[in-house]
**Student:** 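Here's a structure for you.
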Amino acid sequence: QKYLKLLRDQKGGKPFLSDILALPAYSWLIIMNKKQLKRFINQRLMDRLFTGRQINSIPLEMISLNAHNRLKLIAQSSLGVVLACKFVNFQNFQNHELLIRIVNRMSRPRPISPPTCVATLTGHIGHVESVAFHPSLPLLVTGCSGDNTAKVWRMSADGTGATCVATLARHGAGVSSVAFHATEPLLATGSWDGTAKVWRLVDNEDGMTATCVATLAEHSYSLNSVAFHATEPLLATGSSDMTAKVWRLVDTKDGMAATCVATLAGHSYSVESVAFHASAPLLATGSVDGTAKVWRLVDTADSTVATCVATLAGHKGFVTSIAFHATEPLLATGSNDNTAKVWRLSKDGMTATCVATLKEHSYSVSSVAFHPRLLFLATGSYDTTAKVWRISPDYSAATCEATLAGHSRTVTSVAFHPSEHVLATSSWDNTVKLWK
């Protein structure tokens, strides 16, 4: 009753099947079988289950009842399944099969609707290599290898359209990778000219001004990937010189200083992708040598020590892309062996076990990206499609939920919108598409 009242008060939308089933299921369990259950149930236990002391220890009043949290609360946390499963385990409980059917139906995930292309962004001259959403602002950035530029786009309120507000043109070769800082108005671009640049963004009446405040030029070959740390002033770069570097950014009177505080040398071929963990001091790298590595970072007085704590070997080709999930202990890798893999990390991040291999692409997987909150993974491929995969709650399987077919050439990069049900894809057909 408390849950349904909260749902009504917060106007959480139409009730799910689990919402409708909850109250009659509990009533049937308690009232119709009171004699059989009396010796197992007491009021204190019921109070614990119903008044906020659930497995996840989150009081009901603190939960915003959007679709994800409602499903998690009802189906994957405690209110429905925990109580029902306790009853299922009682030896003398009757109608065992009916209760199992109730639990399974409550736990079944809802299918997603077929994605629709709602916008095609044009303006680049040449292959669009990378795309990224800002984690909190309504901004999108794209990097192009044909015109050597990056473009910043302002998103519409519902995430289904975008207008170019700035063009960044200071690189001497193609822009291979782009990334926003999570909290600062900073943008990073990596280029095949061997440098990365950090840009400060300023809104103005005419749109947006992007000023280059730092150039990172210590790699000896082209840069393939850039990634900001979620909270620290750190930037990671991956290069064809077989190394990744970690840079500390410090504001100065003249702009910004970027100091290399760690060089990660462990791969035997080009480093194609880098990614920071959202909360743990971990950095992941993917390489043409066919492996991904997880590095633990420890700050010292004047530098950062990076120690390789795990090497992920399982792909039959080189690793093209790598990504951490923001809230789950998961890492994804994409490869030119036409597959992507999902790896489960141990609590300390010292080991990673492959829990799912995604095999439905017909050519190389060029990009992987997790949804920022949900158990979804997007993949882009040389087969000109992107796919959206649902990861099971126990991380043991990944099911293809949708195939996005609209580009005419390789899909080079995929990115989920931070709050809307929108996915962005970039392509060698010189465009970026937004899918709802």
Side-chain angles (χ1 to χ4, degrees), residues 115 117 119-124 126-135 139-153 155 159 162 164 168 171 174-180 187-192 196 222-228 236-238 271-276 284 286 318-324 332-336 340 358 361 363-372 376-389 403-418 422-435:
C117 180
T120 298
L121 310 183
T122 60
H124 280 296
H127 299 169
V128 185
E129 302 288 345
S130 183
V131 62
F133 283 105
H134 193 284
L139 298 176
L140 176 76
V141 62
T142 55
C144 179
S145 63
D147 57 20
N148 303 352
T149 70
K151 291 181 181 292
V152 180
W153 309 73
M155 302 294 298
C164 182
L168 290 59
H171 282 291
V175 175
S176 57
S177 182
V178 292
F180 281 113
L187 169 66
T189 55
S191 170
W192 293 333
S222 62
L223 259 70
N224 304 313
S225 182
V226 294
F228 276 111
T237 55
V271 175
E272 296 292 300
S273 185
V274 293
F276 278 109
F318 59 76
V319 177
T320 58
S321 182
I322 195 162
F324 283 107
T333 53
S335 171
N336 75 336
L358 291 55
H361 283 293
Y363 288 96
S364 301
V365 174
S366 57
S367 180
V368 294
F370 279 111
H371 191 281
F376 285 104
L377 177 72
T379 55
S381 170
Y382 280 69
D383 65 12
T384 74
T385 71
K387 293 181 183 290
V388 178
W389 308 77
T403 298
L404 288 59
H407 287 290
S408 59
R409 299 190 66 183
T410 295
V411 175
T412 54
S413 183
V414 292
F416 279 104
H417 192 284
V422 173
L423 180 74
T425 56
S426 63
S427 171
W428 281 355
D429 64 11
N430 306 355
T431 70
V432 172
K433 291 183 181 293
L434 303 178
W435 307 79

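These values consider heavy atoms only, across backbone and side chains, with no hydrogens, waters or symmetry-generated copies.
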**Student:** How long is the gap from NE2 on H407 to OG on S381, to the nearest 0.5 Å?
**Tutor:** 12.0 Å
**Student:** Determine whether a donor-acceptor pair (N or O, by modelled atom type, separation under 3.5 Å) exists between the side chain of S335 and the backbone of F318.
**Tutor:** yes
**Student:** Is the backbone N or O of I322 less than 3.5 Å from a side-chain atom of S273, with the two atoms forming a donor-acceptor pair by type?
**Tutor:** yes
**Student:** Using modelled atom types only, decide if a donor and an acceptor are shared between the side chain of T320 and the backbone of G334 within a distance under 3.5 Å.
**Tutor:** yes
**Student:** I want to check something: taking the side chain as every heavy atom from C-beta on, are S191 and L223 in contact at a cut-off of under 4.5 Å?
**Tutor:** no
**Student:** Would V432 and V131 count as a side-chain contact (heavy atoms from CB on, under 4.5 Å) here? Give the steps.
**Tutor:** CA-CA 8 Å; V432 172; V131 62; 4.3 Å; yes
**Student:** Please find the pair of heavy atoms, one from T412 and one from S427, that lie closest to each other, and give the distance.
**Tutor:** OG1-N, 3.7 Å
**Student:** Taking all non-hydrogen atoms of both residues, which atom of T189 and which atom of V178 are closest, and how far apart?
**Tutor:** CG2-CG1, 4.0 Å
**Student:** Mind running side-chain contact (heavy atoms from CB on, under 4.5 Å) on T431 and T425 for me, showing each step along the way?
**Tutor:** CA-CA 8 Å; T431 70; T425 56; over 6 Å; no
**Student:** Taking atom types as modelled and ignoring hydrogens, do the side chains of T379 and K387 form a donor-acceptor contact shorter than 3.5 angstrom?
**Tutor:** no
**Student:** Is any side-chain heavy atom of W153 closer than 4.5 Å to a side-chain heavy atom of L139?
**Tutor:** no
**Student:** When you compare the side chain of L434 with that of M155, does any pair of heavy atoms fall below 4.5 Å?
**Tutor:** yes
**Student:** Would you call the rings of H127 and W428 parallel, tilted or perpendicular, where under 30° means parallel and over 60° means perpendicular?
**Tutor:** parallel
**Student:** Using side-chain hydrogen bond (donor to acceptor under 3.5 Å, both in side chains), reason through T120 and K433 one step at a time and then give a plain yes or no.
**Tutor:** CA-CA 4 Å; T120 298; K433 291 183 181 293; 3.0 Å; yes
**Student:** To check you understand the geometry: which heavy-atom pair defines the closest contact between F133 and P418, and what is its length?
**Tutor:** CB-CD, 3.8 Å
**Student:** Which heavy-atom pair separates T237 from A196 by the least distance, and what is that distance?
**Tutor:** CG2-CB, 4.0 Å
**Student:** Taking the side chain as every heavy atom from C-beta outward, state whether L423 and V388 have any atom pair closer than 4.5 Å.
**Tutor:** yes
**Student:** State whether the side chain of S366 and the backbone N or O of G380 hold a donor-acceptor pair below 3.5 Å, judged by distance alone.
**Tutor:** yes
**Student:** Rounded to the nearest 0.5 Å, what's the gap from OH on Y382 to CZ on R409? Could you check?
**Tutor:** 10.5 Å
**Student:** How many angstroms lie between CG in L358 and CH2 in W389, if you round to the nearest 0.5 Å?
**Tutor:** 4.0 Å
**Student:** What pair of heavy atoms forms the shortest contact from V226 to S177, and how long is it?
**Tutor:** N-OG, 3.1 Å
**Student:** Does the side chain of H124 come under 3.5 Å of the side chain of N430 through a donor N or O and an acceptor N or O?
**Tutor:** no
**Student:** Do S367 and V414 pass the side-chain contact (heavy atoms from CB on, under 4.5 Å) test, and can you show the C-alpha distance, the side-chain angles, and the key distance before you say yes or no?
**Tutor:** CA-CA 6 Å; S367 180; V414 292; 3.5 Å; yes
**Student:** Restricting to non-hydrogen atoms, name the atom on W435 and the atom on C117 that form the minimum distance, rounded to 0.1 Å.
**Tutor:** CE3-N, 3.6 Å
**Student:** Nearest 0.5 Å please: distance from the CG atom of L404 over to the OG1 atom of T384.
**Tutor:** 11.0 Å
**Student:** Under a 3.5 Å threshold, yes or no: a donor from one side chain and an acceptor from the other, between S145 and W192?
**Tutor:** no
**Student:** Once you round to the nearest 0.5 Å, how far does OG of S130 lie from CG of N224?
**Tutor:** 11.5 Å
**Student:** Any non-hydrogen side-chain atom of T142 less than 4.5 Å from a side-chain atom of V152?
**Tutor:** no
**Student:** Quick one: pull up NE2 in H417 and NE2 in H371 and give me the separation to the nearest 0.5 Å.
**Tutor:** 10.0 Å
**Student:** Indicate yes or no for a side-chain donor-acceptor contact from S176 to the backbone of G190 under 3.5 Å, with no hydrogens or angles considered.
**Tutor:** yes
